[in-house]
K.L.:
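Below you will find the structure I want to go over with you.
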Number of protein chains: 2
Amino acid sequence: MAVTLKDIAREVGVSVTTVSRGLAGYDDVAAETRERIQEVADQLGYHPNLTARRLQKQRTDTLGFIMPTFGPRFSDPFFSEFLAGIGNEAAGYGYDLLVSTHAPDSDREREAYARAVRGGWVDGLIVVRTRENDERIETLCAHEFPFVAFGRTDCNCDFPYVDEDGAAGMRLIVQHFIDLGHRRIGFIAPPPGLMFGRYRLRSFLSTMAANNLETPPDLVVEGDMTQRGGAEVVERLLNLAERPTAVIAGNDLMAIGALNRIQQRGLRVGQDLAVAGFDDIPLSAYTTPPLTTIHQPIYDIGRRTCAMLIEIINGRPPANPHILLTPELVVRESSGPPRTTN
Amino acid sequence: MAVTLKDIAREVGVSVTTVSRGLAGYDDVAAETRERIQEVADQLGYHPNLTARRLQKQRTDTLGFIMPTFGPRFSDPFFSEFLAGIGNEAAGYGYDLLVSTHAPDSDREREAYARAVRGGWVDGLIVVRTRENDERIETLCAHEFPFVAFGRTDCNCDFPYVDEDGAAGMRLIVQHFIDLGHRRIGFIAPPPGLMFGRYRLRSFLSTMAANNLETPPDLVVEGDMTQRGGAEVVERLLNLAERPTAVIAGNDLMAIGALNRIQQRGLRVGQDLAVAGFDDIPLSAYTTPPLTTIHQPIYDIGRRTCAMLIEIINGRPPANPHILLTPELVVRESSGPPRTTN
DNA sequence: TTTGACATCCAAAACGTTTCGGATTATACT
DNA sequence: AGTATAATCCGAAACGTTTTGGATGTCAAA
């Protein structure tokens, strides 16, 4: 069926070895034969068998991405953009991208990582949504398997990552609200196990404290990162005897859910209550009102994560394996000063 | 390094052949030796080398998904959900999923399909966002390469697909608006090259005609499927001397963009102007106001597409290779009767 | 004429698996 | 005793590539 080295060898009248080396451009095959080989290869439409090459070279030229998916109705704008980033970068270097989808912290997820670690499946992994005491990272470190994470974590091994400076981002929002005159600010926190959520929550609390503002515990509620979750828990904030004048959500999706519920209550977002999100997903510019948020260059993060991984796989440890991107505040109509008559 | 059949063979004291056949469960190896082999394999932590097996079996146990991505800031809630669907289904059957990202109709995309067709890369492909005169499908058909499409197209080859009945869906919305009393309905069409857009547009026009309503050309504008696009082109509808009382967008993303711009103009969506989308992405329940739309079981479509592909790869042509899913209308607050004083 | 250097080529092994076609031994049947 | 039958096993080839370690021949320098 497919054209192999043997076919070319027969046609040209040399050995398979010579064909292989000729095509690879080694200089121990005469220029003339090399040209002849190339010519016949083109004419026959030769394309090397990747599987065979992989078996021989003991590498797959493939990157793995194990996507943590929650439930069947899984939709996160983060992933398509990130995927496009790593996909394009990988393709540029001639790498394929193998994608698995598994529920976080599930047995199947663990098994997928185990499979990667024991070799031959992919050359390296991209890890996203780092978790507290991240078992995945512990495993990869322990086996010295090449990987790069999007996000830091608190395990005691040193590993390469690209991350946004969530603390800095949150500081920007909180300060923005405080500068506008807000004193009572509610926070919709991401689930505690996710590292990026922790950074955001901690930074929220510390920035408040740095401004001599206290944050009573009932001003912090926890959502599940979805619109639905945001909508549900913002209720608790709205029902407080002394309602906050501003609400910050740990991500845009929850902020959008909150927007929805707040407006259903008849409150005007931006006037009666300020709201901010985090991530600047494309949608956040088109909500009603448009959402104040922190911009994250997800596509670029994907590219850089992937590029770093490829460097590592090829034995070129990056000069700086810890990239921390400083985010920027995007002010839109969902934020405004507190109502004076409050 | 890794444990191979040879290691087990040496340990047990039989040939590599016997180990291979023993593990595979052939009955020409004694039960006793089989158990012994299995035991040693477990103890040594044997896992077959997939690359070697692939080379031998001449199949990759891998499915390909070539994602059409537009521009760097690419974010489409459709893809993460679809990906989760095919990913989970594929994993259930022991298949890996190889994902490439390429701009539609680009040389790199063509090259990716060419690579698939010439074999050895993946066992089958999943094609999405079918296009008019879809070159990809022509190629795959011509080479008899296993694939399943999400979406139909107008080429003259017969091929397996899963699709939503876009025409039926659009009929539901249009009829819904007409029943509410609307007569002048604007339409934000998807780009013309995409088949699903054509079905939706055609059904919009024909349903209008079936109700003896005319659709002057300036009531149909064309967007690029993004919020930004929806926001931009809805302006043209709003600027018309005789403004429509309802607007239907070809997908939810554009509807959301339209929502934004309409409200910026000071119009109340649902009262002053009715709006509907198409897809029922999770966000559409949380816009302000929530969006009337057509529900698409994307996750399920992903699963079914994948399942069908695996059947085909394994030489079991599905009884019904043309699945058409009937969508349902989801009425939310963005739709309402036309203003009486119009 | 020998020596060495160089240019060009290739056979064979290797990567780890599966499969083909027997080979060997024991068992049962004439 | 001889012969068929079944139960076990295995050597070798195959999948398509790359690499190792020469082999062969040519030419120039000593």
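Labels below follow one simple rule: chain letters A, B, ... track the order of the sequence lines, proteins then strands, and each chain is numbered from 1. Quantities reported herein were computed from a predicted structural model and do not represent experimental measurements.
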K.L.:
Provide, to the nearest angstrom, the distance between the CZ atom belonging to R21(A) and the P atom belonging to dG22(D).
P.N.:
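Value for this atom pair: 15 Å.
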K.L.:
K6(B) NZ to dC10(D) C1': how many Å, rounded?
P.N.:
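It is 16 Å, rounded to the nearest whole Å.
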K.L.:
Where the side chain of T33(A) is concerned, which of dC9(C), dT17(C), dC9(D) is the nearest nucleotide?
P.N.:
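Looking only at heavy atoms from C-beta outward on T33(A), the closest nucleotide is dC9(C).
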K.L.:
What's the closest nucleotide to the V14(B) side chain, out of dT17(C), dC15(D), dC10(D)?
P.N.:
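When the side chain of V14(B) is considered, dC10(D) is the closest of dT17(C), dC15(D), dC10(D).
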K.L.:
Looking at every strand, decide which applies to R54(B) at a 4.0 Å heavy-atom threshold: base, sugar-phosphate, or nothing.
P.N.:
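No contact.
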K.L.:
Give a yes or no on whether H143(B) atom NE2 has more than 12 heavy-atom contacts from other residues, nucleotides or ligands under 6.0 Å away.
P.N.:
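Counting neighbours around NE2 of H143(B), 12 or fewer heavy atoms of other residues, nucleotides or ligands fall under 6.0 Å, so no.
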K.L.:
Is it the case that the base of dA11(C) and the side chain of T17(A) share a donor-acceptor contact (distance under 3.5 Å, atom types as modelled)?
P.N.:
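Side chain to base: pair found, below 3.5 Å.
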K.L.:
Counting side-chain heavy atoms from CB outward, which of dT19(D), dT17(D), dT17(C) is closest to A52(B)?
P.N.:
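Closest nucleotide to the A52(B) side chain: dT17(C).
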K.L.:
In terms of heavy-atom contacts, does CG of D42(B) have more than 12 from other residues, nucleotides or ligands at under 6.0 Å?
P.N.:
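Correct, the count exceeds 12.
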K.L.:
Would you mind classifying the nucleic acid contact of V16(B) as base, sugar-phosphate or nothing, using non-hydrogen atoms under 4.0 angstrom?
P.N.:
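The residue V16(B) makes base contact.
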K.L.:
Would you kindly compare R53(A) and D28(B) by the position of their nearest DNA chain D nucleotide and give the one closer to the 5′ end?
P.N.:
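Nearest-nucleotide comparison on DNA chain D picks D28(B).
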K.L.:
Please tell me if T18(A) has a side-chain N or O lying less than 4.0 Å from either OP1 or OP2 of dC9(C).
P.N.:
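For T18(A), the contact criterion (side-chain N or O under 4.0 Å from OP1 or OP2 of dC9(C)) is not met.
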K.L.:
Flag yes if more than 12 heavy atoms outside E132(B) fall under 6.0 Å of its CD atom; otherwise flag no.
P.N.:
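For E132(B), atom CD is crowded (more than 12 foreign heavy atoms under 6.0 Å).
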K.L.:
Of all the nucleotides listed (dT19(D), dA12(D), dC15(D)), which has the minimum atom distance to the side chain of S20(A)?
P.N.:
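The answer is dT19(D).
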K.L.:
With respect to the side chain of Y26(B), which nucleotide from dT19(C), dG16(C), dT19(D) is positioned closest?
P.N.:
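Output: dT19(C).
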K.L.:
Could you tell me how far apart N49(B) (CG) and dT18(C) (C1') are, to the nearest whole angstrom?
P.N.:
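Rounded to whole Å, this separation is 13 Å.
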K.L.:
Which whole-number value in Å describes the distance from R59(B) CZ to dG16(D) C1'?
P.N.:
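Computing the R59(B):CZ to dG16(D):C1' distance gives 19 Å.
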K.L.:
Rounding to an integer number of Å, can you tell me how far L55(B) CG sits from dT19(C) C1'?
P.N.:
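That distance rounds to 14 Å.
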K.L.:
Considering the options I8(A), V40(A), D7(A), T33(A), which one meets the side-chain contact (heavy atoms from CB on, under 4.5 Å) requirement together with V19(A)?
P.N.:
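When side-chain contact (heavy atoms from CB on, under 4.5 Å) is applied between V19(A) and each of I8(A), V40(A), D7(A), T33(A), only I8(A) qualifies.
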K.L.:
Do Y299(A) and N88(A) pair up side chain to side chain, a donor and an acceptor below 3.5 Å, judged on atom types alone?
P.N.:
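Per modelled atom types, Y299(A) and N88(A) side chains form a pair under 3.5 Å.
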K.L.:
Grab the NZ-C1' distance between K57(B) and dG16(C) for me, whole Å please.
P.N.:
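Taking NZ of K57(B) and C1' of dG16(C), I get 13 Å after rounding.
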K.L.:
Can you identify which nucleotide, out of dG16(D), dC15(D), dT18(D), has its nearest atom closest to the L5(A) side chain?
P.N.:
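In terms of side-chain proximity for L5(A), the closest of dG16(D), dC15(D), dT18(D) is dT18(D).
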K.L.:
Distance check needed: dT20(D) C1' versus Q56(A) CD, whole Å only.
P.N.:
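Taking CD of Q56(A) and C1' of dT20(D), I get 10 Å after rounding.
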K.L.:
If each of Q58(B) and S15(B) is mapped to the nucleotide of DNA chain D with the nearest heavy atom, which maps nearer the 5' terminus, i.e. the 5' end?
P.N.:
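Checking each residue's closest nucleotide, the 5'-ward one belongs to S15(B).
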K.L.:
Side chain of V29(A): nearest nucleotide among dT18(D), dT18(C), dC9(C)?
P.N.:
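Taking heavy atoms from C-beta onward, the closest nucleotide is dC9(C).
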K.L.:
Within the 4.5 Å heavy-atom criterion, are L309(A) and I126(A) side-chain neighbours or not?
P.N.:
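A side-chain contact under 4.5 Å exists here.
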K.L.:
Given atom CG of D27(B) and atom C1' of dT5(D), what is their separation to the nearest angstrom?
P.N.:
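Taking CG of D27(B) and C1' of dT5(D), I get 15 Å after rounding.
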